[in-house]
Amino acid sequence: VDELLERVRQGNGRAIARLITQVENSVEVAGRAASALHAYSGDAHLVGITGPPGCGKSTLVNEVAKRIHDSGKRVGIIAVDPSSPFTGGALLGDRVRMADISTREGIFVRSMASRGTLGGLAAATSAVTKILDAAGFEMIIVETIGAGQAEVDIASIAHTILVIEAPGSGDGVQSIKAGILEIADILVVNKADRPGVENSVRALEAMLQFSRTSYSQNEPDSDHHSIGLTDDELMTVADDASLASGWAVPVLQTIAVDGTGIDKLVAVINEHLAFLRQSGEWQRREFERSRREIERLVEYRILSQLREAVSEDQRDALVTAVARRELDPYTAADALFNLARNGIDRE
Ligand SMILES: Nc1nc2c(ncn2[C@@H]2O[C@H](COP(=O)(O)OP(=O)(O)O)[C@@H](O)[C@H]2O)c(=O)[nH]1
Ligand SMILES: [Mg+2]
């Protein structure tokens, strides 16, 4: 493994692919790789791309990656697929599309699915990110589906978050559900060749305007109640770090299939990187990412200790009792915790 790690640090594509496979299959190798590589990571710009299935994320990632690569940088792409039934066929399409760029020297593409990933998809994604980072990739793009409901919380992985939309979904905004506006650094309406694009852009700009206004008017005597926001919602808006730190979230239009608007998008992504560096936001996000990374590992360890220390029969008996209303879930959790503790003490 040590020799493999050395070749990874030199940026050897084959070594990177092999290490990733080993990391996916062994929590022990994942730990060794992370310990050896962490100190050499931290330079890559991590860009998260999220949005509803079919809005054109993979096509867009492809175009962005090409341009970044043309500017002389090495680009890593991680396509995260939570293996939900409705995306089953998407990965194959992605592979075909990505085949075009993945043959380039200096572009590394990897698809990840939850099936067979030890330690969870989020942990595996962040391990792969670290490997590519230490291998000297200057930009790493992580594509995920959805936001709040996704297995991989993109906000805990990326520095710059792009939320992609496509026109023609009823009211013009499909994926703008709770929380997604708060995490977006750049909003993109892709498929700008389709009818309804103006509506989508207008709707998004209105929502952004609305949240900015709410933020600046966040005093007790302001009339925000007349626009239908509760105090809690206002707090959420006011907590938004992007707003507080002075980055105005732009709404861009692209046509990923013919490359329209991609140069502008790449310029804005680079502007956001400059903003992160100048404002101190980079360090804040690194702190947050590190905190989440540690918490994920601790969660995973506690859960695996629980599974080792308490037999499946014992766990199922407790679950059945809760389902039958013979026991409440809090008491069941207490019982599990005590059983686990006894099991661990005995070791
Ligand atoms: N008309 C149009 N189609 C696009 C555009 N971008 C992507 N598509 C098509 O939309 C479909 C889904 O694209 P894909 O990149 O796989 O979306 P993803 O599921 O978000 O990754 C593909 O058939 C693409 O060719 C665009 O700008 N305009
Ligand atoms: Mg895709």
Side-chain angles (χ1 to χ4, degrees), residues 45-68 75 77-82 84 86-87 90-91 93-94 97-98 101 109 111 125 139-155 157-208 242 247-272:
H45 183 198
L46 310 180
V47 177
I49 297 204
T50 190
C55 67
K57 295 180 297 298
S58 299
T59 318
L60 207 62
V61 167
N62 229 17
E63 291 305 309
V64 169
K66 274 187 205 167
R67 281 172 179 69
I68 298 285
V75 188
I77 300 172
I78 308 172
V80 180
D81 191 303
S84 53
F86 62 90
T87 59
L91 261 182
D94 282 353
R97 234 188 320 283
M98 299 283 187
I101 58 164
V109 183
S111 296
T125 304
M139 183 184 283
I140 299 166
I141 307 177
V142 182
E143 174 191 338
T144 65
I145 296 159
Q149 80 279 26
E151 262 182 83
V152 174
D153 174 16
I154 197 72
I157 288 184
H159 297 118
T160 297
I161 298 169
L162 275 61
V163 175
I164 319 294
E165 245 325 313
S169 37
D171 57 355
V173 276
Q174 187 184 358
S175 72
I176 302 302
K177 300 193 179 100
I180 198 156
L181 209 62
E182 282 76 18
I183 66 158
D185 298 302
I186 300 166
L187 288 168
V188 179
V189 180
N190 185 45
K191 305 197 183 184
D193 53 321
R194 292 269 175 89
V197 60
E198 292 81 11
N199 283 344
S200 304
V201 171
R202 219 175 300 125
L204 290 174
E205 278 174 347
M207 292 175 90
L208 284 172
S242 294
W247 171 260
V249 179
V251 182
L252 306 177
Q253 295 180 41
T254 55
I255 305 173
V257 280
D258 73 4
T260 304
I262 307 292
D263 285 336
K264 169 79 180 164
L265 174 59
V266 168
V268 172
I269 291 171
N270 287 327
E271 270 172 44
H272 189 254

- Any side-chain heavy-atom pair of Leu187 and Leu252 under 4.5 Å: no
- Message: Measuring only between side-chain heavy atoms, which start at C-beta, is Glu143 closer than 4.5 Å to Ser58?
- Response: yes
- Message: Is any side-chain heavy atom of Trp247 closer than 4.5 Å to one of Ile186?
- Response: yes
- Query: In Å, rounded to the nearest 0.5 Å, how long is the span from CD1 of Ile161 to OG1 of Thr50?
  - Reply: 8.5 Å
- Could you tell me whether the side chain of Ile141 reaches within less than 4.5 Å of the side chain of Ile78, counting heavy atoms only? no
- Can you tell if the side chain of Val188 reaches within under 4.5 Å of the side chain of Leu265, non-hydrogen atoms only? yes
- Who are the side chain to side chain donor-acceptor pair (under 3.5 Å) partners of Arg202, not counting sequence neighbours? Asn199
- Query: Does any non-hydrogen side-chain atom of Val251 lie less than 4.5 Å from one of Leu208?
  - Reply: yes
- Message: Donor-acceptor pair, distance only, cut-off 3.5 Å: does the side chain of Ser200 make one with the backbone of Gly196?
- Response: yes
- Val75 to Ala65 - nearest heavy-atom pair and separation: CG2-O, 3.8 Å
- The single option from Ile269, Ile140, Ile68 passing side-chain contact (heavy atoms from CB on, under 4.5 Å) against His45: Ile269
- Message: According to salt bridge (charged side-chain N to carboxylate O under 4.0 Å, His left out), does anything in residues 253-269 pair up with another residue at least two apart or in another chain? List the pairs.
- Response: Arg67-Asp263
- Query: Do Pro167 and Val189 come close enough that some side-chain heavy atom pair is under 4.5 Å?
  - Reply: yes
- Query: For the side chain of Lys191 and the backbone of Val257, is there at least one donor-acceptor N/O pair under 3.5 Å apart?
  - Reply: no
- Query: Less than 4.5 Å apart, any side-chain heavy atom of Asn62 and any of Leu60?
  - Reply: no
- Does Thr254 have any side chain to side chain donor-acceptor pair (under 3.5 Å) partners at least two apart in sequence or in another chain, and if so, which? Asn190
